[in-house]
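As structure tokens, the structure follows; a few thoughts come after it.
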There are 2 protein chains.
Amino acid sequence: MTLKLDKVNRGPHLSTLVASSISREIAQGRLNPGDQLPTEQALATTFGVSRNVVREAIARLRSEGRIWSQQGRGAFVADVANSPVLTIDHDALQQADAFKSLFELRGALEVKAAAFAAQRRTDADLQAMKSALAAMNTAPYGSVAWLKADLEFHRAVVAATRNSYMEQFLIFVSERVRESILAAGNQQGSDDMASTTLGEHNRILDAITAGDANAAQEAMQLHLNGAAQRVGLHVNDL
Amino acid sequence: MTLKLDKVNRGPHLSTLVASSISREIAQGRLNPGDQLPTEQALATTFGVSRNVVREAIARLRSEGRIWSQQGRGAFVADVANSPVLTIDHDALQQADAFKSLFELRGALEVKAAAFAAQRRTDADLQAMKSALAAMNTAPYGSVAWLKADLEFHRAVVAATRNSYMEQFLIFVSERVRESILAAGNQQGSDDMASTTLGEHNRILDAITAGDANAAQEAMQLHLNGAAQRVGLHVNDL
DNA sequence: CAAACCATAGTTGTATGATAACATGGCAAC
DNA sequence: GTTGCCATGTTATCATACAACTATGGTTTG
């Protein structure tokens with residue numbers, strides 16, 4: 001750990017450089033799991049930066065699970081260090097079967113999310129769902145406003161689960177679904193479709209309002225099956 | 001009886017709270033891609049912390065790809081296209097409710113995965129599940145070999161769904177859950193627990209073998225409820 | 001008039017010192 | 001031997017200051 005950082009290097013932030021440097025020490029085995037890192041002050045002087053920069057780097061490594069620290073003791077190398085982020089190749093999603101798989105995954109989560117929402121929703125949640133449905137009601141089927149309101153409804157449902165991880169993932173997927181639908185652009189929906197979709201949404205809202213988890217689950221399942229057909233995916237049993 | 005504070009119960013760092021809070025604003029759509037975040041000073045005053053803490057939180061969000069910042073301009077919410085699907089912050093996972101949320105997410109996925117597996121499994125899938133169960137049978141409860149075999153069984157189940165995203169996602173989440181459990185400290189298990197767990201697994205395998213989606217779903221749900229109790233989560237309705 | 005220039009304020013990046021919270025070991029008192 | 005106290009070291013947080021950079025508006029200049 002005798003690397004001195006050059007200030008002339010105007011690329012990333014200093015904390016990023018420090019973090020990668022420590023990360024490299026761990027990866028190369030010069031710092032083993034359980035080892036105690038030098039003190040923040042020591043790291044600051046060896047890297048030639050302020051202790052503040054070192055702290056930002058440590059905070060980042062800690063959030064990644066590479067190290068853990070305790071007040072009054074020090075920072076230590078963690079035993080397991082896997083990447084805490086999951087990414088999906090954006091290009092691969094353009095293929096039909098990949099999209100179908102993602103849609104399936106979304107369905108599994110969203111159905112359960114509806115059940116949780118029925119158990120945990122607040123009045124504010126219900127209000128958000130209602131206003132989203134109202135917006136959908138006044139917008140023409142398939143329009144941008146309609147899609148936006150639709151997204152808003154599903155977002156309100158998953159927000160009512162009080163589960164931030166579900167929220168994070170479902171919102172990601174919803175964005176992708178929306179992009180894909182917009183890209184397809186052939187939404188020549190009939191009034192029939194509009195009323196059907198609205199009816200499905202209303203059933204979901206009713207079940208969540210009543211606090212009936214099973215009914216909410218089933219209603220969401222029906223809605224997703226219908227949505228899959230309307231999008232062009234033929235799903236027998238999602 | 002004096003009880004030492006568990007790692008899970010100990011309050012996380014302020015920067016973690018701030019980071020989660022901002023993350024939530026983004027997830028809930030109150031901050032949209034391209035939006036500029038409040039200044040560090042403003043965030044510091046609104047959260048009631050020093051600007052230093054805000055900077056640590058921002059450094060982490062930046063490393064996760066959720067925001068980007070430029071000196072002299074400000075910090076902005078990153079575009080959805082290159083944002084990660086899911087980020088699991090190890091530091092945040094020390095909070096009990098975050099762990100519960102992640103466990104919930106895993107449950108929602110795994111239950112549905114069991115149903116898909118029952119419909120799509122091949123003989124090779126069944127063989128993989130069987131050998132995993134056999135390995136679990138000969139290993140002592142809670143040992144490394146037992147944990148490995150357990151993971152192998154669940155991996156075989158999700159592999160049988162023929163959905164690569166579900167596989168990728170579920171394995172990712174399961175590993176994070178497992179890490180968190182291991183980090184919280186080892187719990188000693190009785191032979192009673194071992195036989196109970198094995199029985200649950202056998203029922204899952206039977207249902208999948210029979211091709212009964214509903215039974216597989218229920219068996220997996222029972223297994224996860226049991227696992228939640230064994231881990232110490234009091235979950236009545238996962 | 002338009003373009004280049006400059007001045008100024010606002011924002012992020014970094015440095016520094018100080019205080020509080022916590023852990024650990026030594027040492028005295030009992 | 002055990003308990004309680006104190007000194008020391010470390011992380012966590014705060015507060016302030018300065019440097020680097022950007023945006024913006026006004027001013028000068030061609």
Side-chain angles (χ1 to χ4, degrees), chain A residues 1 3-22 31 34-78, chain B residues 2-22 31 34-78 89-92 94-95:
Chain A
M1 192 141 347
L3 175 62
K4 178 106 174 170
L5 297 179
D6 192 5
K7 259 190 181 173
V8 184
N9 190 347
R10 280 278 134 235
H13 303 132
L14 284 182
S15 60
T16 303
L17 295 178
V18 172
S20 347
S21 192
I22 296 178
L31 280 174
D35 285 358
Q36 180 167 9
L37 272 74
T39 68
E40 294 178 348
Q41 187 58 50
L43 287 172
T45 56
T46 44
F47 282 115
V49 299
S50 78
R51 186 172 157 240
N52 223 320
V53 171
V54 172
R55 278 195 60 78
E56 286 183 17
I58 298 259
R60 171 173 168 176
L61 293 174
R62 194 175 45 222
S63 84
E64 291 175 359
R66 291 193 157 84
I67 69 172
W68 62 276
S69 62
Q70 190 176 355
Q71 181 175 161
R73 287 187 60 192
F76 304 85
V77 180
Chain B
T2 66
L3 177 60
K4 180 170 179 176
L5 271 190
D6 194 29
K7 218 183 190 177
V8 178
N9 290 352
R10 175 159 25 210
H13 303 128
L14 286 182
S15 60
T16 302
L17 295 179
V18 172
S20 314
S21 192
I22 296 178
L31 281 174
D35 285 358
Q36 180 168 10
L37 272 73
T39 67
E40 294 179 348
Q41 187 58 50
L43 288 173
T45 56
T46 50
F47 283 112
V49 298
S50 76
R51 189 177 152 228
N52 222 317
V53 170
V54 172
R55 279 195 59 79
E56 285 185 19
I58 289 195
R60 287 161 56 160
L61 293 175
R62 195 173 43 220
S63 84
E64 289 174 4
R66 316 190 78 88
I67 68 173
W68 59 276
S69 60
Q70 188 178 355
Q71 182 175 161
R73 285 188 62 191
F76 304 85
V77 180
D89 191 306
H90 279 245
D91 209 5
Q94 302 309 314
Q95 296 173 264

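By convention in this document, chain letters (A, B, ...) are assigned in the order of the sequence lines, proteins followed by strands, and residues within each chain are numbered from 1. In what follows, every heavy atom counts, from backbone to side chain, and hydrogens, waters and symmetry copies are set aside.
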Among C:dT12, D:dC14, D:dA12, the one nearest any side-chain atom of B:Asn52 is D:dC14
From the list D:dC14, C:dT14, D:dT11, which nucleotide is the closest neighbour of the side chain of B:Ser50?
-> D:dC14
A:Ser15 or B:Gln36: which one's nearest nucleotide on DNA chain C is closer to the 5' end?
-> B:Gln36
Roughly how many Å is it from CG in A:Leu37 to P in D:dT10, rounded to a whole number?
-> 13 Å
Let me know the distance between NE2 of B:His13 and P of D:dT13, rounded to the nearest Å.
-> 6 Å
Could you state the atom-to-atom distance from CD of A:Glu40 to C1' of D:dT13 in whole Å?
-> 11 Å
Given D:dA12, C:dA15, C:dG13, the nucleotide with the shortest approach to the side chain of A:Arg62 | D:dA12
According to a strict under-4.0 Å criterion, is B:Gln70 in side-chain N/O contact with OP1 or OP2 of D:dT22?
-> yes
Residue-phosphate contact under 4.0 Å: A:Arg73 side-chain N/O, D:dG9 OP1/OP2 = no
C:dA21, D:dC14, C:dT11: which one has an atom nearest the side-chain heavy atoms of B:Val49?
-> D:dC14
Round to a whole Å and report the spacing from CD of B:Gln41 to P of C:dT12.
-> 10 Å
Do any N or O atoms from the side chain of B:Glu40 and from the backbone of B:Ala75 form a donor-acceptor pair under 3.5 angstrom?
-> no
Any donor-acceptor pair under 3.5 Å joining the side chain of A:Arg51 to the base of D:dT13?
-> yes
Between CZ of B:Arg55 and C1' of D:dA12 the distance, given in whole Å, is 17 Å
Hey, could you give me the CG/CD distance between B:Leu31 and B:Gln36, rounded to the nearest 0.5 Å?
-> 11.0 Å
Under the side chain to side chain contact (heavy atoms under 4.5 Å, CB included) rule, what do A:Val49 and A:Leu17 come out as? Steps first, then yes or no, please.
-> CA-CA 11 Å; A:Val49 299; A:Leu17 295 178; over 6 Å; no
d(CZ, A:Arg60; C1', C:dG13) in whole Å = 16 Å
Would you indicate what A:Ile58 reaches in the nucleic acid, counting non-hydrogen atoms under 4.0 angstrom: base, sugar-phosphate, or nothing?
-> nothing
Quick one: is C:dG13 close enough that its OP1 or OP2 comes under 4.0 Å of any side-chain N or O from B:Ser69?
-> yes
Rounded to the nearest angstrom, tell me the gap between atom CD1 in A:Ile67 and atom C1' in D:dA12.
-> 14 Å
Specify the separation, in whole Å, of atom CH2 of A:Trp68 and atom P of C:dA23.
-> 11 Å
If you measure from CZ on B:Arg60 to CD on B:Glu56, what distance do you get to the nearest 0.5 Å?
-> 8.0 Å
Of all the choices, C:dT14, D:dA19, C:dA21, which nucleotide is nearest to the side chain of A:Gln71 once you look at every atom?
-> C:dA21
Rounded distance [0.5 Å steps], NE2 in A:His13 versus OG in B:Ser69 | 4.5 Å
